[in-house]
Amino acid sequence: MANANLEKLKASLRGELIEPTDQDYDIARKVHNGMIDRRPRAIARCANVADVMTAVNFARENGMLLAVRCGGHNAGGLGVCDDGLVIDLSGMKSVRVDPAEKTAQVEGGCTWSDVDHVTHAFGMATPSGVISTTGVGGLTLGGGIGYLSRKCGLSIDNLLAADMVLADGSFVTASAKQNEDLYWAIRGGGGNFGVVTSFLFRLHPIKTVHAGPMLWPLEEAAEVMRWYREFIVEAPPDINGFFAFLVVPPGPPFPEHLHNKAMCGVVWCYTGSPDKADETFQPIRGFKKPALDLVGPMPHPMMQGMFDPLYPPGLQWYWRADFVKELSDKAIALHVEHGSKIPTMHSTMHLYPINGAVHNTGKNDTAFSYRDVTWAQVIVGVDPNPANKDLITAWTKTYFDALHPHSAGGAYVNFMMDEGQDRIKATYRDNYERLVRVKTKYDPKNLFRVNQNIKPAATQAAAGND
Ligand SMILES: Cc1cc2nc3c(=O)[nH]c(=O)nc-3n(C[C@H](O)[C@H](O)[C@H](O)COP(=O)(O)OP(=O)(O)OC[C@H]3O[C@@H](n4cnc5c(N)ncnc54)[C@H](O)[C@@H]3O)c2cc1C
């Protein structure tokens with residue numbers, strides 16, 4: 001890449017262009033997963049839509065590999081690339097609530113904490129994930145599974161419109177009325193189709209939640225899992241709970257006698273009427289008294305940020321995921337076997353409910369295909385120490401291999417690392433061919449390929465349909 005060209009790009013941007021010789025370069029190229037160490041040729045920290053258009057045109061005209069970054073949380077580090085140009089949206093953080101319409105217009109570089117902070121002031125919320133530092137961009141475009149899924153659906157089920165810069169540098173809006181094919185594809189199809197500069201979300205009247213973890217000893221894990229698999233399918237949509245194997249962090253609010261102890265638990269979030277909270281939790285507490293019960297009333301953003309301090313940027317992360325329809329007794333036995341061998345304090349296994357309101361949308365209505373399952377399962381080996389990389393990777397792979405035969409086939413794209421084209425196809429199932437058609441129309445030369453890539457028709461043919 002000729003330096004003269006980059007000088008031209010730099011002069012055209014209202015935001016910064018960060019290059020390897022700049023002081024901020026090593027900070028700007030870092031993503032959340034400390035295992036990822038990529039060195040882009042330049043990072044365009046865009047200030048507005050015009051900057052995004054300029055950067056997209058520049059990458060295309062100069063044949064540069066292009067990555068797009070929002071929160072930088074992606075498992076496989078898809079918000080950064082080697083040798084190419086990174087469009088970093090983290091400077092675009094405006095959030096505007098329309099209280100009458102009950103919507104929020106959210107710029108493409110926001111984290112969920114940015115969104116919750118503003119919507120909460122209006123007594124409203126939209127579905128996100130379970131950690132508030134995650135980017136709105138990546139989480140939404142892959143689907144968006146979190147505490148509000150059973151009540152309000154996935155993040156994409158609340159996405160009313162998206163403003164986008166396409167591969168040819170043009171600006172469009174995708175919604176139910178404009179560019180409907182694009183609107184269908186971005187709801188689960190990831191960053192394959194362009195840069196979303198702004199999202200329009202539907203808001204819900206959610207302000208205070210009754211939420212927090214309940215933990216039980218590992219010896220009771222099989223019994224808890226068997227109870228949970230029945231409960232969470234039948235439970236009212238006001239209550240969400242994801243099952244976890246975890247190690248209790250050594251600090252408050254956890255009592256000292258449980259510190260560093262491997263346990264199982266369910267992290268609950270109840271969004272119904274406060275008067276009915278005790279009644280709703282009664283059958284849960286009645287099933288088996290937890291060793292620790294931290295459920296209580298709190299502002300919604302507090303619940304969203306509860307686990308943020310546990311997962312600061314820069315830890316080593318190794319991810320493996322699957323969708324799961326049924327949790328058989330055999331699968332539960334395997335979960336208990338491998339979940340009990342959890343190797344480090346930050347490592348965990350979660351089963352996130354894919355039921356309740358998520359089932360109100362059909363499996364072909366958006367690109368997100370696995371609407372007919374019950375859980376999204378994720379196993380993550382996590383540790384601050386790079387020397388433990390092999391340890392956390394081996395545990396994750398062994399656990400995944402044992403449970404994969406009991407899964408539905410594909411995995412949630414946002415919980416996948418680089419697992420190849422067959423896995424992507426398995427994840428989109430009969431939505432895959434339609435995604436290829438939309439990709440071919442909007443990005444025929446695959447400019448946006450640093451993602452769980454849907455290859456356009458020409459590239460598919462050249463690669464022999466790999
Ligand atoms: C600690 C942690 C907790 C998580 N919890 C959840 C959870 O509860 N629920 C859940 O569903 N997922 C969760 N995830 C997974 C998360 O959804 C993915 O990692 C997601 O890719 C992160 O989005 P991001 O914007 O932060 O990532 P980035 O790394 O910035 O981007 C990820 C991908 O999205 C594309 N992209 C991002 N923004 C845009 C945009 N505006 N326009 C076009 N393309 C864009 C990028 O090009 C890239 O391919 C979690 C991840 C972590 C690390």
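Atoms within each ligand, like the ligands themselves, are counted from 1 in listed order. Computed from heavy atoms alone, side chains included, the values below leave out hydrogens, waters and symmetry copies. Count residues from 1 along the sequence.
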Please determine if [X] has a nitrogen or oxygen closer than 3.5 Å to a nitrogen or oxygen of ligand 1.
X      : result
Gly72  : yes
Gly71  : yes
Val450 : yes
Phe415 : no

For [atom], which candidate among [options] provides the closest heavy atom?
atom                    : options                       : result
atom 20 (C) of ligand 1 : Ser149, Gly138, Ala321, Ala67 : Gly138
atom 50 (C) of ligand 1 : Phe448, Phe307, Trp319        : Trp319
atom 22 (C) of ligand 1 : His346, His73, Met416, Gln304 : His73
atom 12 (N) of ligand 1 : Val52, Leu139, Val196         : Leu139

Practice task
Classify the ring geometry between Tyr311 and Trp317 as parallel (under 30°), tilted (30 to 60°) or perpendicular (over 60°).
Solution key: tilted
Problem - Sub-4.0 Å heavy-atom contact, Phe193 with ligand 1 - result: no
Problem - Sub-4.0 Å heavy-atom contact, Gly142 with ligand 1 - result: no
Could you give the side-chain donor-acceptor pairs of residues 240-249 under 3.5 Å, partners two or more places apart or in another chain?
none

Check ligand 1 against [X] and write out every atom of the ligand that is under 4.0 Å from a heavy-atom position of the residue.
X      : answer
Asn451 : 49 (O)
Gly108 : 41 (N)
Val130 : 7 (C), 8 (O)
Ile145 : 7 (C), 8 (O), 9 (N), 10 (C), 11 (O)
His32  : 53 (C)
Trp317 : 1 (C)
Gly191 : 44 (N)
Arg69  : 30 (O)

Completion exercise
Short version for Val31: what comes under 4.0 Å of ligand 1, heavy atoms counted, is neither
Handout entry: Within reach of ligand 1, part of Leu141 (heavy-atom separation under 4.0 Å)
Key = side chain
Can you tell me which residue and heavy atom of the protein come closest to [atom], and the distance to 0.1 Å?
atom                    : answer
atom 26 (O) of ligand 1 : Gly135 N, 2.9 Å
atom 47 (O) of ligand 1 : Val68 O, 2.8 Å
atom 21 (O) of ligand 1 : Asn74 ND2, 3.1 Å

Indicate whether the side chain of [X] and that of [Y] have a donor and an acceptor atom separated by less than 3.5 Å.
X      : Y      : result
Asn33  : Tyr318 : no
Asn74  : Asn414 : no
Thr396 : Thr393 : no
Asn431 : Arg434 : no
Asn355 : Arg150 : yes

Handout entry: Separation between CG of Asn385 and NZ of Lys389, rounded to the nearest 0.5 Å
Key = 12.0 Å
Practice task
To the nearest 0.5 Å, tell me how far Arg41 CZ sits from Leu17 CG.
Solution key: 8.5 Å
Exercise for the section: From the options Phe415, Phe368, Tyr428, select the one residue that forms a ring-ring contact (aromatic ring centres under 6.0 Å, His included) with Phe323. Expected result: Phe368
Handout entry: Test log, rule salt bridge (charged side-chain N to carboxylate O under 4.0 Å, His left out), inputs Asp114 and Lys93
Key = CA-CA 7 Å; Asp114 300 324; Lys93 282 191 179 290; 2.8 Å; yes
Practice task
Can you establish whether the number of heavy atoms outside Lys363 located under 6.0 Å from its atom NZ is more than 12?
Solution key: yes
Fill in the blank from the handout: In Lys341, His335, Arg320, the residue satisfying side-chain hydrogen bond (donor to acceptor under 3.5 Å, both in side chains) with Tyr399 is His335
